[in-house]
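Here is the naming used below: chain letters follow the sequence lines, and residue numbers restart at 1 for every chain. Only a predicted model underlies this, so the values are computations on that prediction, with no experimental measurement involved. For the numbers below, each heavy atom of this structure counts, side chains included, while hydrogens, waters and symmetry mates do not.
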2 protein chains.
Amino acid sequence: MEGKEQLERARERVIDVVAQNMDLYGVTDSIGRLYGMLMFQENPMTLDEMKEELGMSKTSMSTSVRTLLELKMVDKVWKKGVRKDLYKAESDWYQNFIDFFAIKWRSAISENVLEMKKSLVELNSLVNRDDVEEELKELANSDINKLKNALDYYDWLNRFVDSLESKEIFELIPMKKPE
Amino acid sequence: MEGKEQLERARERVIDVVAQNMDLYGVTDSIGRLYGMLMFQENPMTLDEMKEELGMSKTSMSTSVRTLLELKMVDKVWKKGVRKDLYKAESDWYQNFIDFFAIKWRSAISENVLEMKKSLVELNSLVNRDDVEEELKELANSDINKLKNALDYYDWLNRFVDSLESKEIFELIPMKKPE
DNA sequence: CAGTACGTACAGTTTTTTCTGTACGTACAG
DNA sequence: CTGTACGTACAGAAAAAACTGTACGTACTG
């Protein structure tokens, strides 16, 4: 009966490393651990089962699951006759990557672009004023230039995210075909 | 003399939003603010100047700069006759994006791949044992399958990062040409 | 070869974040 | 309609992270 432990060890190793590196997705170690654990479950899980499995409070499970739902790394599952909410891990890693960009990066991009455009307007008006020293205008022009470069980059980044969402990226960088 | 404030306001707005969203790069708000501030400096800055500008301790500036150096978002600059270390922001946003993946994601990938391969070996040996119930073997096979999928994804992700580092990505998703 | 300027290791403090337990609203069951 | 099961808001406790000041090692200066 040592085979079960061997399986457990193999899983635990993966869960650990996944949890550690999920900070790239902006989540904590615990949330990463939850995801890793769900990943190996055959059946969808309830909050109480997660609580049991990870030895944490139900409240934590509730908020962690919500975070993972927002990232679309976890899906809510409906099952006839079961009152408790059920959750399962999204096991398509490509899709997780895509959603992460579509959700987090996309919104950061639009925030940044919005504010930069506001500042661009302000700087342009500054440059066009008559009562401003030449020296200051030069600074403003230099800033304008920097912002334009940033906006070009964000334009590119948006097109990159587009290519993820449309899966076009996989024509450019093909998925490895499963043997 | 209100033009200077207009410039300052325009800069501050951008610095704020950049600082907020730099958590995508895994850095804190303060570090993001430091980067944003450096971005608008015409000349490289010393730790003391940063400390002055941001009203923080020199120790903080030292560690924050180190973080930004590791991400290659800031470069050390040598200037004849100046004893203090000088730093300037890397202003190529594309390059920042590329370096982030080349540094952070690449190392997460290899860690994950390493551990997953270890677990794969273990699971394979489990499946090939004679003294293990069929049921357990099925679980192991299911895990093996999951890990293989993950490894395929990491293979793809590595190729994606390759295409960033080689700049090949820009043939696929072209930069916006500055007008 | 002092003396000074600089950057950072380290320990302690403050702030922020994470985690927990309780309490409550909702919904279903009998 | 009452009772029970469930998920989560919220407040407080625990843990982690960020920040600071001091102290020290190194390297340049005169």
inquiry  = Checking Asp23(A) now: which residues fulfil salt bridge (Lys or Arg N to Asp or Glu O under 4.0 Å) with it, not counting sequence neighbours?
reply    = none

key: Whether Ser64(A) side chain and Ser60(A) backbone form a donor-acceptor pair below 3.5 Å   = yes

remark   = Note: with side-chain heavy atoms under 4.5 Å as the link, the other cluster members for Leu86(A) come out as Val77(A), Val82(A)

query = Tell me the side chain to side chain donor-acceptor pair (under 3.5 Å) pairs involving residues 119-129 of chain A, sequence neighbours left out?
reply = Ser119(A)-Arg13(B), Glu122(A)-Arg9(B), Glu122(A)-Arg13(B), Ser125(A)-Gln6(B), Arg129(A)-Asp131(A), Arg129(A)-Gln6(B)

key: Neighbours of DNA chain C within residues 65-86 of chain B, by heavy-atom distance under 4.0 Å   = Arg66(B), Arg83(B), Lys84(B), Asp85(B)

By salt bridge (Lys or Arg N to Asp or Glu O under 4.0 Å) - contacts of Asp85(A) (at least two apart) = Lys76(A)

Nucleotide-resolved protein contact map, nucleotides 16-22 of chain D, B/S/- at heavy-atom distance under 4.0 Å = --SSBBB

query = Where each pair must be Watson-Crick or G-U wobble with both distances under 3.5 Å, what dot-bracket representation of DNA chain C is obtained, with crossing pairs in [ ] and other-strand partners as |?
reply = ||||||||||||||||||||||||||||||

request  = Strictly below 4.0 Å, heavy-atom distances to any atom of DNA chain C: list the hits from residues 17-24 of chain A, or just say none.
outcome  = none

request  = Can you sort out the partners of Lys88(B) under salt bridge (Lys or Arg N to Asp or Glu O under 4.0 Å), two or more places apart, ordered by chain and number?
outcome  = Asp75(B)

ask   = Residues two or more places apart in sequence or in another chain: which of them pass side chain to side chain donor-acceptor pair (under 3.5 Å) with Lys58(B)?
value = Asp48(B)

key: Pair listing, ring pair (Phe, Tyr, Trp, His ring centres under 6.0 Å) test, anchored in residues 25-84 of chain A, at least two apart   = Tyr25(A)-Phe100(A), Tyr25(A)-Trp105(B)

ask   = Who passes salt bridge (Lys or Arg N to Asp or Glu O under 4.0 Å) against Glu171(A), sequence neighbours left out?
value = none

